[in-house]
Amino acid sequence: MPRVPRDPAPRARAWMAARGWTPFDFQREVWAAQAAGQSGLLHATTGAGKTYAVWLGLLERLAGATPPPRAPALTALWITPMRALAADSAAALAAPLPDLAPGWTLGLRTGDTASAERARQDRRLPTALVTTPESLSLLLSRPEAATALGGVRAVVVDEWHELLGTKRGVQVQLALARLRRWRPDLQVWGMSATLGNLDEARAVLCGGGPSVGVQGRVDKTLVIDTLIPEEPGRYSWAGHLGARMQAPVVEELARSDTALVFTNTRSQAELWYQMLLDARPDWAGQVALHHGSLDKSVREWVEQGLKGGQLKAVVATSSLDLGVDFLPVQRVLQIGSAKGVARLLQRAGRSGHAPGRPSRLTLVPTNTLELVEAAAVRAAALAGRVESRHSPEQPLDVLVQHLVTVALGGGFDAEALYDEVRGAWAYRHLSRAAFDWALAFCERGGDSLTAYPDYHRIARAEDGRWTVPDTPQGRATARRHRLGVGTIVSDAALQVQYLNGARIGTIEEGFIGRLRRGDCFVFAGRLLEFVRVQDMTAWVKKATKAKGAVPTWQGGQMPLSTELADAVLAQMAEAADGRFHSPELTAAGPMLRTQAERSALPRPGVLLIEHQRSREGHHLCLYPFAGRQVHLGLASLLAWRLSRAQANTFSLSVNDYGLELLGAEPVPLEPLLDGSAFAEDDLLDHVLASLNAGELAQRRFREIARIAGLVFGGYPGAPKSLKQLQASSSLFYDVFRQYDPGNLLLDQARREVLSHELDLARLRAVLGRLRGWRREAVALSAPSPLSLPLMVERLRERLTTEQLAARLERLLREAEAGR
DNA sequence: GACCTGCTGCGGCCTG
């Protein structure tokens, strides 16, 4: 441990004192580490003074007390995951410059930066630059990158927990490795919210090099409570809207000045916005809606209203999880499950956003089981059991993109770049063969695309360096590459626009594709009638009909985290032992007792298997409490294994707590009871056979093809439609499979399906757990409270895929023929 | 006892 000076940053301390601030202990701790030249990660709750902890110490170290003869070159970089955050940070970071870093200039560079400012920066970058991962990559792709960025001595990454587990984070890792190559003494500091694996997060950020972790302990009271429904004994067993909580929520909002109301989906936000206005028409103009499909101008208006304290309540999705600090927000309400402890803490932190003010979050359960979950998530949050996030391992699509970026940014020597890339945590084990494959892929497009010059993106110059050649073809490559930088791949979206011109927002092509002229839908809090699609725009008019279908967006999966699922199971065990200590569990008491009477309460160590015969067929419900993603894999696996033993056709249904198999024929229980159905033998083969893994991999490949630069998304303002993108990526998928089966991007697609979509590691762990558990079968005479939501889920949407049905039929015929 | 989940994030060409 290097010697720490007693007063590591006297000028920073003086600057704070002039404003009446006394540095917190953790701020001095960061300054001391920075003074010693160390890198590190600062973990603290929001609103605790992280920004100045990290920034002032760096300025003290990097800037002289007297103005330098002329403005120095780019010295410090500040990376944020969001443009709005970048703009906000730039203002805060500029404040101490005149005193602590005289002569320094500060600039902002994101996609929002005006072209005049961009041009000015291109001539000369400021001393400190606030930017995003994508804009940083674009800077690295400029020919003079080494001179322009080679002098960077410090990088700060804000909200690192947000980037860590994503390909965007890998993009940052690669950029840092590059900067580190130019300046081996580069100081890197990250800031993170609560995370289960802070040490790993720090190692990933600092490339495994020496670094320190600092805990920003600030007194912050966290209050989590639950809105208990009236007559909890009659609260609904299923459903996720929570319409019966309308009145209590309105009451809570009436009592507070400004509140955020979080929902899990955009359609849920739309519906709750309506419900609030239906109950209180006088709140029109004071209640607003905020989610990712709304037009930017609408969202900005809402954000301004929140900042200014003019709004009473905003109903939002995760679109307001991060970003600008909304000081006036007093209360946060969470409708439905928070799905994870980290998300809950993040959202709670949106209220009382200043040191010393308490954060308060109120859970609003939408069904009785969510009462149990509310008790569970509070217990887990207060015990600090927070989810971990892990860096992706060796995503080759990101590497391919980076190789082209670096080739454009002055070119590279293969040997040196291989070493550099392995300095990024995600590629620390990258083999030379994989690196050379990626290199060759950029050079010739792999074995199958050699005939197409569009995919000959880089070439080896006479001096051995790899560059993008300065030819018409090369210039076209450069242009397309810069347009496609980044790892965020979203589906094609259509503009929603009134016939008279006003733009309302965007909506997925898939949803609009299901509408016919005259169909109505609710969007942006308005009832709209669909007219036609033209030029990637859905034209609409005000609807006159009373009712509309609410749009559903195809979004990501949000399975319950392992931490939370375990916490729910622990609550069930409490109830089984007759301990109803929390108001939530007490309120869920009647339902839990019904469950105990009709069936049994699940508890750790016991797998509950309910079976029932109905007009629909033979039901089998299992409750592993492993999250819906794993349940989906498990349900498919069980259906496949059971129907192999004895021909049958199953409908599947899953939720976060359990799964249902509905068989056309009676289902033998023995394989479940003796545990053989949970065997790990040939797991991979069986999973791949049971799910349509090929289809999944092909879908996954769409993202990979985009990131690796195989598929071009079109020029700004004229995006290609989803169909075109799908067509071209599936073409590549097929071509590679046929003519280039060794293509490592195919391999990556398969790996991503197994790890992201099926979560094979968790599935394997769950199978192991279930084999170790005692298995208890109960015959039901009426649906149990736990099984009912599964049946409802199945009625809503049949999970049986055509493919599965067809395959099962084929299996059946084969079994028939074999006999 | 029965209805309706599935998020977020960024970037930017050429031509006259």
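This structure is a prediction, so every number in the text was calculated from the model and none was measured. Residue numbers start from 1 in every chain, and the chains themselves are labelled A, B, ... in the order their sequence lines are given, proteins ahead of strands.
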**Message:** Please classify the nucleic acid contact of A/Arg299 as base, sugar-phosphate, or nothing, using heavy-atom distances under 4.0 Å.
**Reply:** sugar-phosphate

**Asked** A/Asp112 has an atom CG; how far is it from atom P of B/dG12, in whole Å?
**Response** 10 Å

**Message:** Classify A/Leu138 by what it touches in the nucleic acid, base, sugar-phosphate, or nothing, heavy-atom distance under 4.0 Å.
**Reply:** sugar-phosphate

**d(CZ, A/Phe712; P, B/dC13) in whole Å** = 10 Å

**Message:** So A/Gly111, base contact, sugar-phosphate only, or nothing? Heavy-atom distance under 4.0 Å.
**Reply:** sugar-phosphate

**Asked** What distance do A/Leu108 atom CG and A/Gln121 atom CD have between them, rounded to the nearest 0.5 Å?
**Response** 7.5 Å

**Short side-chain N/O contact from A/Thr317 to OP1 or OP2 of B/dT8, under 4.0 Å** = yes

**Item:** Main-chain N/O of A/Gln268 paired to A/Thr265 side chain as donor or acceptor, under 3.5 Å
**Value:** yes

**Request:** Figure out the CG/C1' separation between A/Asn367 and B/dC4, and round it to whole Å.
**Result:** 13 Å

**Item:** Interatomic distance, A/Ile488 CD1 vs B/dG12 P [rounded to whole Å]
**Value:** 13 Å

**Asked** Rounding to a whole Å, what distance do you find between A/His291:NE2 and B/dG9:C1'?
**Response** 16 Å

**Message:** Considering every strand and a 4.0 Å limit on heavy-atom distances, what is the contact class for A/Thr366: base, sugar-phosphate, or nothing?
**Reply:** nothing

**Prompt:** Once you round it to whole Å, what is the distance between C1' of B/dC7 and CZ of A/Arg350?
**Reply:** 15 Å

**Asked** Touch check for A/Arg118, heavy atoms < 4.0 angstrom, all strands: base, sugar-phosphate only, or nothing?
**Response** sugar-phosphate

**Request:** Select base, sugar-phosphate, or nothing to describe what A/Arg480 touches, counting heavy atoms under 4.0 Å on all strands.
**Result:** nothing

**Fill in**
When rounded to whole Å, the NE2 to P distance for the pair A/His240 and B/dT5 reads 5 Å

